[in-house]
**Q** 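Sharing a structure below in structure tokens format, with a few things to ask.
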Amino acid sequence: MNILETLSKLATESGFAGFFAAGGWKNLIMIAIACVLLYLGIGKKFEPLLLVGIAFGVLLTNIPGAGLYHMGMWDAYVYECAYDPVNDYALYNTAQERAYDEMEMNYYIVARASGHTTEQIEDYFEQQAGADVTNDFLALYATCDQNAANDLAGKLKGSLSFTDIIHLGGLLDILYIGVKAGVYPCLIFMGVGAMTDFGPMIARPSSMLMGAAAQLGVFFAFFGACLLGFAGNVAASIGIIGGADGPTAIYLTTKLAPAFLGPIAIAAYSYMALIPMIQKPLMRALTTEKERKVKMEQARNVSKVEKIIFPIVVSVFVILLIPSTAPLIGCLMFGNLLRETGVTERLSDTAQNALMNIVTLFLGISVGATTVAARFLSLQTLMIVGLGVIAFMFSTIGGLLMGKIMYKVSGGKINPLIGSAGVSAVPMAARVSQDVGRESNPNNFLLMHAMGPNVAGVIGSAIAAGFLLARFGG
Amino acid sequence: MNILETLSKLATESGFAGFFAAGGWKNLIMIAIACVLLYLGIGKKFEPLLLVGIAFGVLLTNIPGAGLYHMGMWDAYVYECAYDPVNDYALYNTAQERAYDEMEMNYYIVARASGHTTEQIEDYFEQQAGADVTNDFLALYATCDQNAANDLAGKLKGSLSFTDIIHLGGLLDILYIGVKAGVYPCLIFMGVGAMTDFGPMIARPSSMLMGAAAQLGVFFAFFGACLLGFAGNVAASIGIIGGADGPTAIYLTTKLAPAFLGPIAIAAYSYMALIPMIQKPLMRALTTEKERKVKMEQARNVSKVEKIIFPIVVSVFVILLIPSTAPLIGCLMFGNLLRETGVTERLSDTAQNALMNIVTLFLGISVGATTVAARFLSLQTLMIVGLGVIAFMFSTIGGLLMGKIMYKVSGGKINPLIGSAGVSAVPMAARVSQDVGRESNPNNFLLMHAMGPNVAGVIGSAIAAGFLLARFGG
Amino acid sequence: MNILETLSKLATESGFAGFFAAGGWKNLIMIAIACVLLYLGIGKKFEPLLLVGIAFGVLLTNIPGAGLYHMGMWDAYVYECAYDPVNDYALYNTAQERAYDEMEMNYYIVARASGHTTEQIEDYFEQQAGADVTNDFLALYATCDQNAANDLAGKLKGSLSFTDIIHLGGLLDILYIGVKAGVYPCLIFMGVGAMTDFGPMIARPSSMLMGAAAQLGVFFAFFGACLLGFAGNVAASIGIIGGADGPTAIYLTTKLAPAFLGPIAIAAYSYMALIPMIQKPLMRALTTEKERKVKMEQARNVSKVEKIIFPIVVSVFVILLIPSTAPLIGCLMFGNLLRETGVTERLSDTAQNALMNIVTLFLGISVGATTVAARFLSLQTLMIVGLGVIAFMFSTIGGLLMGKIMYKVSGGKINPLIGSAGVSAVPMAARVSQDVGRESNPNNFLLMHAMGPNVAGVIGSAIAAGFLLARFGG
Amino acid sequence: MNTLALTAGRLNVGDAGVTAVLGYAVVFFGLVLLMCVIMIMGKAMASSGKKADTKAPAAAAPAPAAPAAPSAPPAPGSAGEIKLFDVPDKEAAMIMAIVADQMGKPLNELRFKSIKEVK
Amino acid sequence: MNTLALTAGRLNVGDAGVTAVLGYAVVFFGLVLLMCVIMIMGKAMASSGKKADTKAPAAAAPAPAAPAAPSAPPAPGSAGEIKLFDVPDKEAAMIMAIVADQMGKPLNELRFKSIKEVK
Amino acid sequence: MNTLALTAGRLNVGDAGVTAVLGYAVVFFGLVLLMCVIMIMGKAMASSGKKADTKAPAAAAPAPAAPAAPSAPPAPGSAGEIKLFDVPDKEAAMIMAIVADQMGKPLNELRFKSIKEVK
Ligand code: NA
Ligand code: NA
Ligand code: NA
């Protein structure tokens with residue numbers, strides 16, 4: 001290799017060249033978006049622990065040539081998931097059948113490399129209904145981008161697994177495995193459980209009604225997304241933004257619509273930081289001055305034994321009801337149990353510090369990495385951003401309305417402002433209740449009362465996610 | 001999907017329905033057992049750091065439908081381990097031979113799905129001695145539960161690996177990989193090494209005789225288990241309970257008899273917490289008042305250099321003698337070296353805190369998850385529980401008898417009560433020696449003297465495990 | 001199995017027997033080398049956090065029979081990497097073609113088992129140019145060590161992946177996966193970034209020229225290694241020792257020449273500890289008394305905003321220029337960003353403590369494990385050790401000469417002694433500049449000034465590694 | 001033949017509406033069930049707790065301390081408070097009072113990472 | 001046919017030399033580019049910083065503290081300093097002064113793991 | 001043909017007994033071997049240690065402190081003590097004495113997470 005050859009190789013491989021490739025300008029836009037997100041995280045302190053990581057992931061993944069994350073590899077992985085070896089395999093008793101199936105996959109590969117969409121290919125197969133596609137394949141192969149086809153082939157031929165991703169992928173592909181396997185969100189939920197005091201909710205179980213009502217936005221946004229033409233699984237993932245719970249949103253989206261993980265995670269964490277701006281006007285508009293002035297009674301003390309029994313009881317009943325919540329609720333309650341036993345402080349401390357921080361590091365940067373320009377810069381992302389704020393607003397409204405009902409039912413003993421805290425976003429939403437309450441009555445301390453609906457909202461979102469997973473999941 | 005359909009799907013998928021399925025009542029019993037274990041861990045402080053995790057794993061795995069752990073998947077994995085591709089593969093030069101082998105696997109699958117035991121299938125293959133099983137397969141396939149067969153097929157067809165488990169498994173399946181690969185117990189042993197001061201043993205090397213003698217229960221219970229009809233590998237795993245060393249027991253059982261991991265781990269940790277109740281009567285019965293009153297001389301000081309050289313020397317000699325102890329002894333001694341160097345405090349601190357706590361979290365809950373009702377609730381579990389207490393008792397007796405011998409040989413200088421500390425269960429067994437010693441002589445401080453046999457018992461159990469692994473392992 | 005049989009099995013399996021096997025004496029030498037490294041790490045405090053781990057890995061891997069690390073398994077893994085399924089696969093449309101390729105792999109296996117080198121086999125295939133090798137294979141198979149062939153076959157037949165290594169490998173094989181995948185060095189770099197203050201370099205950007213110049217040794221040693229007959233990829237890995245940056249050296253070597261990881265890592269960390277002895281004579285020889293006496297002006301203060309923008313800007317520009325630096329520079333700058341934001345202290349703390357310590361534990365012991373006697377004890381290791389010291393010397397010289405140029409250009413305002421700090425080895429090289437400076441002028445405080453080139457050297461080495469990776473990497 | 005089913009497909013307005021309403025109802029059902037369980041548990045506790053009445057005030061003692069630091073409760077996904085006490089309350093209070101006095105700051109503005117004594 | 005290419009092969013003297021020189025040049029090119037970028041950033045900061053001039057001394061205050069502990073800078077691959085302050089400088093300084101006084105040691109020889117107050 | 005060998009099979013009484021006795025013997029053999037090695041090492045240390053006799057008391061100093069906290073030794077699988085000193089003993093003792101005095105508690109009932117100074 002002589003000097004000119006090497007220099008030219010360096011130049012063409014450099015990322016600067018990438019900006020001049022087709023669609024290269026999109027990367028510039030994504031880098032600008034990363035900088036905006038970094039400004040929001042660092043300058044405006046929007047949930048910085050996750051948003052800084054996500055933003056840096058956005059930056060790294062959109063530098064042309066960096067090769068830290070490979071969208072195509074995960075697309076291939078997604079495809080293979082859709083392909084069902086369990087049901088198909090036992091039917092093959094002869095090499096011919098297997099070869100046939102392979103031909104079908106070959107066809108899929110060259111069709112994709114020729115620019116056909118998955119939907120088109122599906123339709124084609126439905127028409128063919130099992131006929132031999134060899135000739136069509138050969139015809140298509142003759143005209144397609146054969147490099148792209150070969151590349152796709154190597155990845156799809158029954159061989160792309162997590163181990164291949166470790167082998168072929170970049171650093172962020174490898175870290176992303178923990179997202180894909182659903183491990184990171186669960187471990188973060190374990191830490192959340194270890195940090196959460198469910199005492200205020202146990203003391204006033206009616207808080208849970210507000211925590212349930214404040215999931216309104218989840219289903220409202222889901223419905224809206226369906227109307228806008230999103231498929232059910234994607235609409236469910238968009239809706240869960242209204243749960244105002246980062247790990248739950250990431251978990252559900254990874255399982256149902258991984259291609260939309262980037263925008264959904266960014267929307268979820270950004271709006272969580274905007275809770276005061278979103279909630280305060282709605283709270284002032286929907287409640288009367290008299291309602292806002294209500295001072296609530298001190299709730300009863302909750303004994304240590306109750307706090308220990310609580311996570312066990314919740315695990316059993318919620319998982320029995322909606323088994324698909326098991327990973328989220330199981331981890332949340334395991335963390336909470338470690339917190340309350342009084343004999344596992346070491347583990348509780350690790351769950352909420354060392355382990356949670358490590359996982360947060362990996363989660364943030366790898367979720368950010370999924371925002372590849374070609375996919376992120378689309379009308380759909382804008383719609384997700386719009387639906388996300390609607391979800392947050394309707395969750396707030398749901399909680400407030402339930403608060404007003406309970407104000408009536410309780411004969412004015414319950415301040416409806418604590419209803420909006422049911423959106424979870426612990427503890428910010430509870431602080432907002434406190435702030436708005438003090439505007440009307442400077443001696444009103446709603447914070448502890450709002451913590452009840454607030455932590456109930458975490459459980460409520462997990463149940464909503466479990467329902468959507470049961471409905472749209474594999 | 002209309003509303004009724006969805007509701008009915010939710011109802012049939014709910015875990016409540018699972019209780020009414022065949023054998024569903026067993027899950028209720030397991031949940032009750034989980035609550036008892038939680039009570040022991042939290043209320044009675046039985047080794048809570050592990051028992052709380054194990055108990056919560058028992059709870060989660062036995063909620064019908066939770067799907068956090070899949071016993072069948074790991075059974076399939078176990079099968080594939082028994083299948084030996086290394087020796088078989090090179091013989092296949094033609095596709096026919098491979099197809100034949102696949103037929104054999106197909107036969108295995110439908111036979112299992114038809115309720116045949118592995119032993120029966122083995123016998124069948126031995127009779128056939130390589131003949132074509134196609135016809136038998138087709139006959140069996142026609143009658144078996146074809147869904148079960150297909151399910152098993154997808155998992156067995158040469159494809160079930162850790163990466164499939166990450167892909168198809170639940171959260172606890174994924175965390176369980178670290179147990180299966182033998183990584184967690186080793187890392188915990190690294191932390192144990194970093195927390196252990198071998199000084200008292202180095203100061204009085206004769207302690208090691210008591211540490212060796214106190215492995216009596218391991219081999220006694222092994223022998224008993226063989227008599228009760230357990231296979232050698234299972235008997236070995238049951239015996240190691242007598243080593244009174246959690247990570248060692250888990251490591252060995254994972255390698256030799258993973259199907260019995262749940263009961264063995266629970267027995268090991270429960271009895272460890274019961275050490276005072278098990279040991280004190282035996283200690284009072286087997287020693288005389290005069291023996292118990294013996295005050296021991298202060299042992300010599302051990303220099304820093306000796307403490308640094310010790311882990312290196314132990315690693316080399318013990319691993320040379322029994323190479324299969326390498327993972328356990330290597331990690332124990334690496335941790336101890338980090339503790340003693342004086343220049344790796346950062347690493348020693350992490351080994352005994354952040355890393356150990358993270359691994360303990362994962363280990364406890366995933367070991368607990370293996371206690372699936374259908375398998376745990378059996379006569380064998382009761383036998384294991386019974387053999388476990390026998391193992392602890394005979395280990396105590398072995399240590400005490402050696403203590404009495406050394407009392408004689410030393411001319412009354414050694415208090416035989418420190419012999420029972422040789423069962424390890426650091427430092428509880430040493431505290432028991434201290435307590436019983438003070439009953440007879442309130443000024444007697446045996447604790448530091450008992451730490452010698454106590455830490456020797458850890459090494460002794462690791463050697464015993466290495467021997468059993470060499471004898472019964474792959 | 002009777003008693004004699006078992007005893008004889010124990011004796012033959014014991015590691016003591018291994019010393020008497022062919023080449024067994026080499027293991028004794030390696031154990032002695034491990035003890036020397038432990039002495040250097042513990043007694044002499046040579047980078048103990050890594051060297052103690054590496055040394056213990058050397059010890060464990062060379063105890064005969066320990067089975068914690070399997071060189072052959074990773075060799076097989078390496079081979080499979082070289083084999084390119086992506087480009088080859090799409091060409092196979094018939095079973096015949098696949099069978100042919102398998103025959104070729106079979107030939108490779110028996111040829112290796114017969115003692116042929118990979119080069120010889122390559123030459124053979126080039127001569128055959130795609131002809132059928134069946135007959136040659138059968139002839140070779142008849143004469144080769146068939147056990148070795150079968151063993152190799154099982155590992156190579158398209159099946160050896162990370163998941164197989166978890167399954168078949170020992171503890172250190174499993175921990176080594178993180179090295180092989182390039183994850184550990186990157187995570188350590190994240191911690192390094194979180195611990196590094198780039199302020200002095202931002203305050204005086206001209207420091208970067210010295211950081212660049214001090215990579216001279218990298219390329220000088222690379223050139224020397226080429227002359228000594230090392231292949232380009234190996235020469236590149238040897239050269240990077242001159243970067244004086246452990247994680248960079250390990251990352252590059254793992255990617256380019258994993259078979260040489262052991263000696264290169266040991267050389268890199270040992271020489272880093274020897275920086276004062278290597279650098280001081282060169283610094284005194286190459287600078288004049290007048291130059292050494294120069295007192296430098298206090299650099300300007302760097303604002304918090306600049307420190308926050310810095311990692312973002314560096315990531316974008318350096319990765320754009322040399323995309324292959326993305327993993328190293330991305331992680332370094334991500335860690336640094338977490339340090340400087342002021343709102344992610346939790347993550348920065350974890351990156352530089354819990355996470356970094358855990359990774360350091362795993363990295364050290366598994367890198368040490370690669371030093372299998374049969375491969376480590378070779379002339380090549382000696383040459384690497386020799387080239388390493390040359391690399392360090394020339395990097396020092398490069399930095400000093402640039403320092404002298406800048407002394408001239410600046411009109412004597414820059415003390416050339418800070419140039420040698422450009423080799424990175426943070427902060428030891430900067431302390432050496434400080435020490436030598438005070439010899440000539442006791443009131444001279446060069447430390448803060450030397451920190452600029454010092455941290456620039458980290459970036460410089462990463463760029464050098466990126467260049468070499470682009471040139472010699474897959 | 002594998003169906004290559006990559007998307008779950010779009011829902012028509014009816015299905016979407018039914019799913020949304022049903023989902024919201026399931027969330028309510030789940031939390032109401034939980035509410036009942038917790039209420040029953042609370043009642044059971046209260047009745048069994050009358051015997052252990054003398055213990056209760058001690059166990060509940062840490063709770064009133066919480067409202068003193070209204071901005072302190074931990075945020076999921078963000079930094080949380082580390083447990084305040086590992087030593088008996090009295091000793092911890094003493095240490096905290098000493099430090100607070102020396103710093104001239106009210107107690108609830110200081111965060112003690114941990115105060116531990118050997119048990 | 002797969003080439004079984006296990007080694008990148010030896011380089012002849014010319015190639016090796018060219019690669020070495022080119023590599024060294026690329027390192028220089030990269031760091032000079034970075035130097036220019038940092039310089040431009042510094043200038044931009046300086047000009048925009050004139051308005052915020054009153055803020056600057058506060059922001060820069062921690063910096064002068066650094067040279068007081070000349071042996072403190074963190075080593076990659078070895079133990080690093082933990083951040084000194086999480087509370088406003090004044091309070092932290094006060095606590096540190098008290099402890100240092102009681103210990104009779106100069107401030108820069110003590111390492112405070114963390115001093116935190118509730119924000 | 002693969003043997004599908006899933007179980008190692010049952011042992012007859014003789015084999016089980018032989019294996020048990022042999023195993024117990026191997027454990028003894030291993031620990032006796034180790035005992036001899038440690039004894040030899042101890043003797044070697046003692047003879048080489050006579051020159052370095054002046055150093056020994058300093059190195060051994062922390063040891064007598066251990067019996068003062070009889071319930072302190074770390075449990076494998078449960079919480080362990082964190083290293084007490086990272087600063088020279090004298091300074092650490094001074095800090096500890098001050099705190100203990102102010103708390104009115106004996107020293108061995110306090111656990112200091114860490115006291116560090118810049119080395
Ligand atoms: Na919520
Ligand atoms: Na033991
Ligand atoms: Na460098």
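Residue numbers start from 1 in every chain, and the chains themselves are labelled A, B, ... in the order their sequence lines are given, proteins ahead of strands.
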**Q** Need one label for A:F189: side chain, backbone, both or neither, based on atoms under 4.5 Å from any heavy atom in chain D.
**A** neither

**Q** If I take atom CG from residue A:L321 and atom CG from residue D:L34, how far apart are they, to the nearest 0.5 angstrom?
**A** 9.5 Å

**Q** Looking at side-chain heavy atoms only, is the closest gap between A:F222 and D:L11 below 4.5 Å?
**A** yes

**Q** Considering only heavy atoms and a distance below 4.5 Å, find which of A:G199, A:S206, A:A213 pairs most often with chain D.
**A** A:A213

**Q** With chain D, which of A:M201, A:E306, A:R300 has the greatest number of heavy-atom pairs at distances under 4.5 Å?
**A** A:E306

**Q** Between D:L22, D:V32, D:N12, which has the largest tally of heavy atom pairs under 4.5 Å with chain A?
**A** D:L22

**Q** When rounded to the nearest 0.5 angstrom, what distance separates CD1 in A:I322 from CZ in D:F29?
**A** 9.0 Å

**Q** Can you tell which part of A:I202 gets under 4.5 Å to a heavy atom of chain D, answering side chain, backbone, both or neither?
**A** both

**Q** Top residue by heavy-atom pair count (under 4.5 Å) with chain D, among A:F220, A:F310, A:F223?
**A** A:F223

**Q** Identify which of A:L209, A:L216, A:I309 forms the greatest number of heavy-atom pairs closer than 4.5 Å to chain D.
**A** A:L216

**Q** Does the pair D:M45 and A:V302 meet the rule for a side-chain contact (heavy atoms from CB on, under 4.5 Å), with working shown?
**A** CA-CA 10 Å; D:M45 283 290 141; A:V302 175; over 6 Å; no

**Q** Are any of the side-chain heavy atoms of A:F467 and D:V27 separated by less than 4.5 Å?
**A** no

**Q** Could you have a look at D:C36, D:A16, D:G17 and say which one has the most heavy-atom pairs with chain A under 4.5 angstrom?
**A** D:A16

**Q** For D:V37, which atoms come within 4.5 Å of any heavy atom of chain A: side chain, backbone, both, or neither?
**A** side chain

**Q** Looking only at heavy atoms, which two atoms of D:L31 and A:A456 are closest? And how far apart?
**A** CD1-O, 4.2 Å

**Q** Taking side chain as everything from C-beta outward and backbone as N, CA, C, O, which of these in D:L33 sits under 4.5 Å from a heavy atom of chain A? Side chain, backbone, both or neither.
**A** side chain

**Q** Need one label for A:M402: side chain, backbone, both or neither, based on atoms under 4.5 Å from any heavy atom in chain D.
**A** side chain

**Q** What part of D:V26 gets closer than 4.5 Å to chain A, counting heavy atoms only: side chain, backbone, both or neither?
**A** both

**Q** Go through the steps for D:T19 and A:F219 under the test side-chain contact (heavy atoms from CB on, under 4.5 Å), then give the verdict.
**A** CA-CA 8 Å; D:T19 302; A:F219 298 101; over 6 Å; no

